[in-house]
Amino acid sequence: MKIVIAEKPSVGRELAKVFGATTRKDGYIESKGYSFTWAFGHLLQLAPPQDYGFIGWRKQHLPMLPAKFKLAIRKIKTKDGFVEDPAVRKQLDTIKKLFDEATEIIVATDAGREGELIFRYIYYYLKCKKPFKRLWISSQTDEAIKDGFRNLKPGTDYDTLFNSAHCRSESDWLVGMNATQALSISAGNRTVLSLGRVQTPTLAMICARFLEIKTFVPQTFYQISILLIKDEQIFKAVSTSNYKNKEEAEKLFSLVEDVPSGFPTGGNITAVEAKPRKEPPPLLHDLSSLQQEANKKKGFTADQTLNLLQNLYESKLVSYPRTGSRYIGDDVFAGVPDLITKFTNHPDFGKQAQFLQTITLNKRSVNAKKVTDHHAVLPTGEEAYGLSSDKQAIYDMVVGRMIEAFHQECLKEITKITIQSGLTFIANGTVIRSAGWRSVFNETEDDKKDEDNAALPKVAVGEQLPITEKSLLEKQTKPKPMFNEASLLKALETCGKEIEDEELRYAMKDSGLGTPATRASIIETLITREYITREKRNLIPSTKGLAVYEVVKDKQIAQAELTGQWEKRLEEIRSGASVKDFKSEITEYTKMITNELLIAGASISGRLEDKKLEQA
DNA sequence: GCAAGGTC
């Protein structure tokens, strides 16, 4: 009997289906020759400090550097504290039984670093010694699966991938557990002050933005705007320059030749520019882009959106939710026309779905090379009925985006008129010639400025138009907005791109901070720790969060670059570099940050106390 | 009590 093990039940069932396996057992599916089983993500985790004898949080334990890490069954929180997850224990027993009977194991966890780790932790925990082969596919279509099974790789081909995964896991434990205890202990051990490679840079971003806004000094500046008229159509133009000095602005303002000042045609047209612009449809959604849209449109938190989407996935209404790809492969694209047909009666998108049946579909979101473990989120086409309003809203965002993504470009005409009257003015106008994908939701653009005109009248260079009105506008510079969940998610995705060091930036190019699967939980962790709170839709740091930020802000643990450095080294390990060197560097770093925090935490002890007094 | 990673 060959045992195939997948990362999650949905994939296990999909593989079984391709093999025609139908005998459903508890935790696996059987056929002649093959049994298909699965994990539920990580079943095993690195054991907590107390499993190595570090009982209680004590300075003399630090730094905790286990000679050999242990694995423990994933825990869940109950009213009696943390206990082994019984469902996980049961599935591990099933897997053990199957492995014991196996002649060969076929590893079908997701094709990536964590997928490899999920299997290897199970394999080593069960002390299994049987040979295994690796299924490595990036698409779940029947053809891709069959092809993958014809081209199984030797399991040992992925030893270096496991090494990099294992290093990632242990390094996060070493740095996170030690830094957390060190800071908590030195700050008086009254409350948990957690730190980690991902959560601390995230907290730092929120705090830095908050302080930037708090210390922002608005600058007053002046702008001059005019209204012109042509063929009974009034349009607006704004001075190309801003003026810091009021006297200067007033002087220039007096030079504007408007009708009330006695100039019947004081606006000289000096340039007219009209350019067509094509706006391609948006890409399909990955989890993060959907979380951002749901936060903007409906105010859902990242966590709520993930839960709603997971629910839709479990009801077989949408494809795999925790994806980081906004593309699909050609094989999935082949099924898209039929999929679109299923939505021709949709109350909101039916008409546009019908229209898509008559055109060549846009293939911007089709790129097999950009599909990683999972493709972009798509509806499955199963009939959806009786959904709660929140679930329906998320489902409609998925369906609507699919219709948009395969729709035509939006064609616009951008017009720019330059007017001279004492000083130079610009009038901008945008006319949509063909709405294309924008007809799906029919929403106005988010980047539209209030000084933009819709359509501009036809004018020619040399024409002189009446200026019916002029205004001197007093404006103030504004700080960047506070982070909300949408802008934070985006910042987590793109923070790698702002790293100056080219190599580190390259190492983070496909990752950012955290992963699609974990970003919602990072935000929730910061809230649970009382580092940040939600105020309306904004994420605001608390006194506690700001105190922690003060201690760590100049340290590596608060920089996104740390992840960049790790990613670079982990990639080297994956291609065969020594594990030993990286491990000893992590050990050194752990010792250093632990010692620093054991000293530094004392400085915030008082600030945590203040918070309690305020509340009392 | 604590990380980050995956998923029901």
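No experiment lies behind these values; they were computed from the predicted model shown.
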(message) Base, sugar-phosphate or nothing for A/A517? Non-hydrogen atoms, less than 4.0 Å.
(response) base
(request) Scan A/G115 against the nucleic acid and name what it touches under 4.0 Å (heavy atoms): base, sugar-phosphate only, or nothing. (result) nothing
(message) Whether A/Q310 contacts B/dT7 is assessed here as follows: a side-chain N or O lying under 4.0 Å from the phosphate OP1 or OP2. Is that the case?
(response) no
(message) Using a 4.0 Å heavy-atom cut-off, does A/S194 contact any base of the nucleic acid, only the sugar-phosphate backbone, or nothing at all?
(response) sugar-phosphate
(request) Looking at every strand, decide which applies to A/L117 at a 4.0 Å heavy-atom threshold: base, sugar-phosphate, or nothing. (result) nothing
(message) Classify A/F54 by what it touches in the nucleic acid, base, sugar-phosphate, or nothing, heavy-atom distance under 4.0 Å.
(response) nothing
(message) Rounded to whole Å, how long is the line connecting atom CZ of A/F82 with atom C1' of B/dG1?
(response) 8 Å
(message) How long is the straight-line distance from CE of A/M177 back to CG of A/L46, given to the nearest 0.5 Å?
(response) 8.0 Å
(message) Is the phosphate of B/dA3 approached by A/Q199 (side-chain N or O, under 4.0 Å from OP1 or OP2)?
(response) yes
(request) Considering just the side-chain nitrogens and oxygens of A/R322, establish if one lies under 4.0 Å of OP1 or OP2 belonging to B/dC8. (result) yes
(request) Could you tell me whether the phosphate oxygens of B/dG5, OP1 or OP2, come under 4.0 Å of any side-chain nitrogen or oxygen in A/S169? (result) no
(message) Applying a 4.0 Å non-hydrogen cut-off, can you work out what A/E114 is touching in the nucleic acid: base, sugar-phosphate, or nothing?
(response) sugar-phosphate
(message) Over all strands shown, is A/R197 touching base, sugar-phosphate only, or nothing at heavy-atom distances under 4.0 angstrom?
(response) sugar-phosphate
(request) Please state how far atom CD1 in A/I118 lies from atom C1' in B/dT7, giving the value in whole angstrom units. (result) 8 Å
(request) Select base, sugar-phosphate, or nothing to describe what A/D110 touches, counting heavy atoms under 4.0 Å on all strands. (result) sugar-phosphate
